[in-house]
Structure formats: C-alpha cells, structure tokens
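Taking it in order: structure first as structure tokens, then the write-up.
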Amino acid sequence: MRIATYNINGIKARLPRLIEWLSETQPDVACLQEIKTSDETFPVKDIEDAGYGVIWHGQKGFNGVAILARGETPVEVRRGLDGEPEDEHSRYIEADVKGVRVASIYLPNGNPQPGPKFDYKLRWMKRLRDRAQQIWAEEVPAILAGDYNVIPRDKDVYSVKAMADDALMQPESRAAYRRILGDGWTDAILSKHPAGGVWTFWDYQMNAWPRDAGFRIDHLLLSPAAADRLIDAQVDKDFRGREKASDHAPTWVELAG
C-alpha cells in the first residue's frame with residue numbers, strides 16, 4: 001500500500017503533471033497541498049476520470065488540501081484544526097481510507113521571521129500536535145502527510161548557511177516538529193534515510209533544480225501501528241524535473257498489508 005504526499009503548487013496549472021504522476025506511479029492514497037482553488041472550481045471530474053475518489057478543502061488562489069484514494073472515496077473525518085475559530089486558511093483535511101487514518105497538511109511557511117506570520121506558524125504547529133495526540137490515542141494506523149515547511153535537521157538542507165535566517169529552519173520550528181515526533185510519531189523518510197541528503201523541494205529561483213540545491217520539508221509521520229508496517233519511504237525526484245512541474249516532488253511510504 002503506497003501513500004504519498006505532493007505539494008502540487010496549483011492543481012489547475014499542474015493538472016497534466018498530476019494526472020501523469022497518478023498514471024505512472026498509481027499510489028493508493030495521495031495527499032495534495034497548495035491546490036490553490038476554491039471548492040467550487042476543484043477539477044473533480046479529471047481526478048475521477050483518472051480512477052480516484054477525492055475529498056478537498058479549497059481556498060481561492062491560496063493554500064488548499066485534498067486526499068485522493070484509488071478506486072474509492074475517502075471518508076472525511078474533519079477539516080481544519082481546533083484552537084483558532086477565526087482561522088480561515090484551508091490547511092488541514094483528515095479522512096479514513098483503506099483502513100488507515102490519513103491527514104493532508106499544509107503548514108504555514110512563517111516568513112518573514114520574526115513577526116506575526118512566524119507566530120501563526122508556531123501556534124498552528126501546537127494545534128496540529130494537539131490533534132495528532134488525539135489520533136495517536138485512538139491506536140489506529142495513521143499517517144500525517146504533507147508540506148510541513150520545516151527542515152528538521154542540518155542534514156536535510158543543501159546549505160545551512162543559505163537557509164539560516166529562514167522560518168523553515170529556526171530553532172522554534174524545529175523544536176515544535178521534534179515535540180510531535182516525541183509524542184510517538186515516526187518520520188518515515190528519516191527512518192529510511194538517516195544520513196540525510198534527501199530533498200523534496202527545489203526553488204524555481206537561483207537555478208536550484210539543476211544545482212540540486214534542495215531541502216526536505218515534505219514529511220510523512222507514522223503512528224506506531226503504521227510504523228510497524230513500514231516497508232519503504234522514497235521521493236519521486238524525477239517528477240520535479242519535468243516540464244511545468246511543481247517545485248516539490250512527490251514523497252511516499254509503502255506499508256505492508
């Protein structure tokens with residue numbers, strides 16, 4: 001069973017690349033971020049024609065998340081996180097699909113820091129941790145998949161110096177991420193690639209892709225029941241190099257059973 005996360009960076013602009021990836025790799029579940037479209041204009045027919053059921057939480061021009069399942073429609077559990085009723089950003093959706101609880105997450109970027117955007121990022125991470133603890137307590141196979149906008153370790157970035165002042169790499173961001181792991185979640189890519197050097201994002205600017213100047217911010221966190229079934233975790237790096245690609249590459253886990 002393959003479960004993937006993919007920041008598509010605009011589902012309408014990248015729809016040919018998304019359908020191409022679904023056709024070539026056929027993940028059982030795909031979590032999308034930055035769909036950047038309203039609920040009303042989501043291309044549901046194109047997704048269904050590709051063989052996938054889908055639920056989504058859209059927002060016109062910004063943010064937005066979705067969960068796709070091959071051959072069936074995910075059963076929605078919730079959308080959005082508790083804690084800030086005034087928060088209208090579409091950044092979280094959760095569903096039961098194929099016997100696994102899956103969340104698609106688009107965590108705030110937090111730049112510039114310091115400032116209100118970074119403060120919002122840290123509050124959002126606390127709200128995510130609260131929800132993760134609730135899911136963990138259910139003792140179900142679960143995966144929290146998405147663009148976390150956190151570079152966990154120095155080994156997860158091409159240049160520590162280049163990113164030193166970025167919100168993605170601040171001590172507070174990293175500490176919040178570690179606290180979630182400390183609650184019993186497994187970082188799947190880290191568990192299979194402890195030496196680092198695995199990137200999931202390459203900026204469009206500064207010739208980042210040809211230079212392989214990337215970093216790892218797309219993560220799949222596994223509950224104990226899911227981690228026990230982990231076979232592999234990889235990045236579909238080649239898709240980043242295709243025409244009009246997202247600046248992220250699909251990242252996935254394979255589970256037994």
Inspect the contact between Glu20 and Arg17 and indicate whether a charged nitrogen and a carboxylate oxygen are less than 4.0 angstrom apart. yes

How would you list, by chain and number, every residue that makes a side chain to side chain donor-acceptor pair (under 3.5 Å) with Asp154, sequence neighbours excluded? Arg174

With clusters defined by side-chain heavy atoms of hydrophobic residues (ILVMFWY) lying less than 4.5 Å apart, directly or transitively, does Val253 cluster with Leu190? no

Do the charged groups of Arg216 and Asp187 touch, with an N to O distance under 4.0 Å? yes

Are Thr5 and Gln33 close enough, and set up right, to give a side chain to side chain contact (heavy atoms under 4.5 Å, CB included), and what steps lead you there? CA-CA 8 Å; Thr5 182; Gln33 300 85 40; 3.0 Å; yes

Hydrophobic cluster membership, with links at side-chain heavy-atom distances under 4.5 Å among I/L/V/M/F/W/Y: are Tyr148 and Ile189 in one? no

Salt-bridge present (Lys237, Asp212; N to O < 4.0 Å): yes

In plain terms, say whether Asp238 and Arg242 are close enough for a salt bridge, that is, a side-chain N and a carboxylate O under 4.0 Å apart. no

Centroid separation Phe42 to Trp56 less than 6.0 Å: yes

Under 4.5 Å between side-chain heavy atoms, counting indirect links through other Ile/Leu/Val/Met/Phe/Trp/Tyr residues: same cluster for Tyr92 and Ile67 or not? no

I need the Cys31 SG to Leu220 CG distance, nearest 0.5 Å. 7.5 Å

Mind checking the CG-CD1 spacing from Leu68 to Ile3? Nearest 0.5 Å is all I need. 12.5 Å

If the threshold is 4.0 Å, N to carboxylate O, is there a salt bridge linking Asp130 and Lys126? yes

Please walk me through it: do Arg131 and Glu94 pass side chain to side chain contact (heavy atoms under 4.5 Å, CB included)? CA-CA 10 Å; Arg131 179 58 189 158; Glu94 180 184 320; 2.7 Å; yes

Would Arg123 pass as a cation-pi partner of Tyr120, given that its NZ or CZ must be under 6.0 Å from the six-membered ring centre and within 45 degrees of the axis? no

For Asp232, all residues meeting salt bridge (charged side-chain N to carboxylate O under 4.0 Å, His left out), sequence neighbours excluded: none

Quick check, are the ring centers of Tyr177 and His219 under 6.0 angstrom apart? yes

Pi-cation contact, Trp252 with Arg2 (under 6.0 Å, within 45°): yes

ILVMFWY network linking Trp21 to Ile11, side-chain heavy atoms under 4.5 angstrom: yes

